[in-house]
Amino acid sequence: MSVKDLVHWRDPKKSGVVFGLSLLTLLSLAAFSVISVISYLLLALLCVTITFRIYKSVVQAVQKSNDGHPFKALMEKDVSIPPETFHKHVDVSLTYINRFLKQMSKLFLVEDLIDSLKLAVVMWLLTYVGAVFNGITILILADILLFAVPPFYEKNKTQIDRYMEIARTQVNTTMAKLQEKLPGAVKRTKAE
């Protein structure tokens with residue numbers, strides 16, 4: 001099952017479990033430190049596995065069977081990461097990091113005045129968001145929106161797309177007027 005299927009609630013049981021666990025983890029992080037949350041999660045997992053191992057051992061002793069270790073199949077699995085896979089993921093990550101760094105240098109060195117001004121406005125707005133919310137609250141809201149917006153959009157796609165097109169046209173018109181009036185703004189062509 002892909003992430004897209006999860007957030008579109010194709011399988012409500014799986015989506016509900018993922019949403020519930022992600023929200024529970026984020027709410028736990030809001031109340032406790034990261035170290036405490038990780039320790040409690042690992043302790044809970046360890047309690048479950050130890051309890052299951054003891055239960056299976058008791059069942060084997062009562063039934064006088066010799067089934068062996070209940071996690072034998074899992075212990076025999078190879079959990080190591082092949083070097084090729086690791087290098088492939090590092091290379092992909094490096095591509096994104098380099099693209100990000102190049103874009104940041106363009107923005108902060110004002111290659112395009114309009115783009116740099118957009119970044120300035122976004123950062124200014126984020127100062128107000130940061131004054132109201134802390135990071136974990138924003139992550140909780142993002143988690144809720146991630147699971148709530150896609151089904152809402154699917155149900156109201158036509159109306160939303162129509163209003164988005166109106167807004168996009170208005171923004172493009174305003175940006176074109178700004179580019180004409182600001183000195184030093186890079187003129188964009190339709191191809192860009």
Side-chain angles (χ1 to χ4, degrees), residues 1-31 34 37 85 87-192:
M1 176 173 259
S2 69
V3 174
K4 184 178 179 183
D5 291 337
L6 281 174
V7 298
H8 284 277
W9 295 80
R10 303 282 188 250
D11 183 355
K13 287 182 182 178
K14 287 182 182 178
S15 293
V17 168
V18 170
F19 175 60
L21 288 176
S22 63
L23 193 60
L24 179 66
T25 302
L26 290 171
L27 289 172
S28 299
L29 288 171
V34 173
V37 171
T85 305
H87 290 300
K88 184 179 82 170
H89 289 298
V90 167
D91 290 343
V92 169
S93 299
L94 190 59
T95 303
Y96 286 116
I97 290 169
N98 286 335
R99 187 179 304 149
F100 173 77
L101 291 174
K102 187 173 183 176
Q103 186 63 32
M104 288 299 105
S105 68
K106 285 180 179 181
L107 290 171
F108 283 102
L109 298 177
V110 195
E111 182 177 302
D112 179 5
L113 183 61
I114 296 295
D115 286 343
S116 295
L117 287 174
K118 285 181 199 176
L119 178 65
V121 169
V122 168
M123 292 299 112
W124 179 68
L125 291 173
L126 285 177
T127 62
Y128 289 104
V129 171
V132 176
F133 302 110
N134 65 14
I136 197 70
T137 305
I138 292 172
L139 287 176
I140 291 169
L141 290 173
D143 188 47
I144 292 169
L145 289 174
L146 178 68
F147 283 90
V149 170
F152 177 78
Y153 177 73
E154 278 185 344
K155 290 178 184 170
N156 303 297
K157 185 176 182 2
T158 308
Q159 297 94 334
I160 293 171
D161 285 347
R162 184 178 42 178
Y163 288 119
M164 287 301 292
E165 187 57 39
I166 292 169
R168 187 177 295 118
T169 304
Q170 193 68 26
V171 167
N172 288 341
T173 304
T174 305
M175 292 305 295
K177 287 178 183 176
L178 276 174
Q179 281 183 332
E180 289 174 7
K181 295 183 182 199
L182 282 175
V186 174
K187 303 291 186 227
R188 291 209 172 108
T189 62
K190 293 272 186 196
E192 290 184 82

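Below, each value reflects all heavy atoms present in this structure, side chains not excepted, and no hydrogens, waters or symmetry copies. If you're wondering where the values come from, they're calculated on a predicted model, not measured in any experiment.
In this structure, CG on Leu178 lies 9.5 Å from CD on Glu180, to the nearest 0.5 angstrom. To the nearest 0.5 Å, atom CG of residue Leu117 and atom CE of residue Met175 are 8.5 Å apart. Note that CD1 of Ile136 is 10.5 Å distant from CG of Leu141, once rounded to the nearest 0.5 Å. Within the model, atoms CG of Leu94 and CG of Leu101 stand 9.0 Å from one another, a figure rounded to the nearest 0.5 Å. Once rounded to the nearest 0.5 Å, the distance linking CG of Leu139 with OG1 of Thr25 reads 11.5 Å. Atom-to-atom distance recorded for Leu26:CG and Ile144:CD1 is 9.0 Å, nearest 0.5 angstrom.
Side-chain polar atoms of Asn172 and Thr169 form no donor-acceptor pair below 3.5 angstrom.
Nearest heavy-atom pair across Gly16 and Trp9 is N-CZ3, 3.5 Å.
In this structure, the side chains of Phe147 and Ser22 come closer than 4.5 Å at one or more pairs of heavy atoms. No side-chain heavy atom of Asp115 sits under 4.5 Å from any side-chain heavy atom of Lys106. Side-chain contact check for Thr95 versus Val92: every heavy-atom pair is 4.5 Å or farther apart. Between Met123 and Leu119, some side-chain heavy-atom pair lies under the 4.5 Å cut-off. Residues His8 and Asp5 are not in side-chain contact: their nearest non-hydrogen atoms beyond the backbone lie 4.5 Å or more apart. Considering only heavy atoms from C-beta on, Leu6 stays 4.5 Å or farther from Phe19 through its side chain. Using a 4.5 Å heavy-atom cutoff, the side chains of Leu23 and Ile140 are in contact. Side chains of Asp161 and Tyr153 form a contact here, defined as non-hydrogen atoms less than 4.5 Å apart.
Between the side chain of Ser28 and the main chain of Val37, no donor-acceptor pair closer than 3.5 Å is present. Listed for the Thr127 side chain is a donor-acceptor partner under 3.5 Å among the backbone atoms of Trp124. Asn156 places no side-chain N or O within donor-acceptor distance of the main-chain N or O of Gln159, the cut-off being under 3.5 Å.
Using a 4.0 Å cut-off between charged side-chain N and carboxylate O, Arg10 and Glu154 make a salt bridge. One finds a salt bridge joining Glu165 and Arg168 here, because a Lys/Arg side-chain nitrogen approaches an Asp/Glu carboxylate oxygen to under 4.0 Å.
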side-chain contact (heavy atoms from CB on, under 4.5 Å), that's the test. Do His89 and Thr85 meet it? Break it down for me.
CA-CA 6 Å; His89 289 298; Thr85 305; 3.5 Å; yes

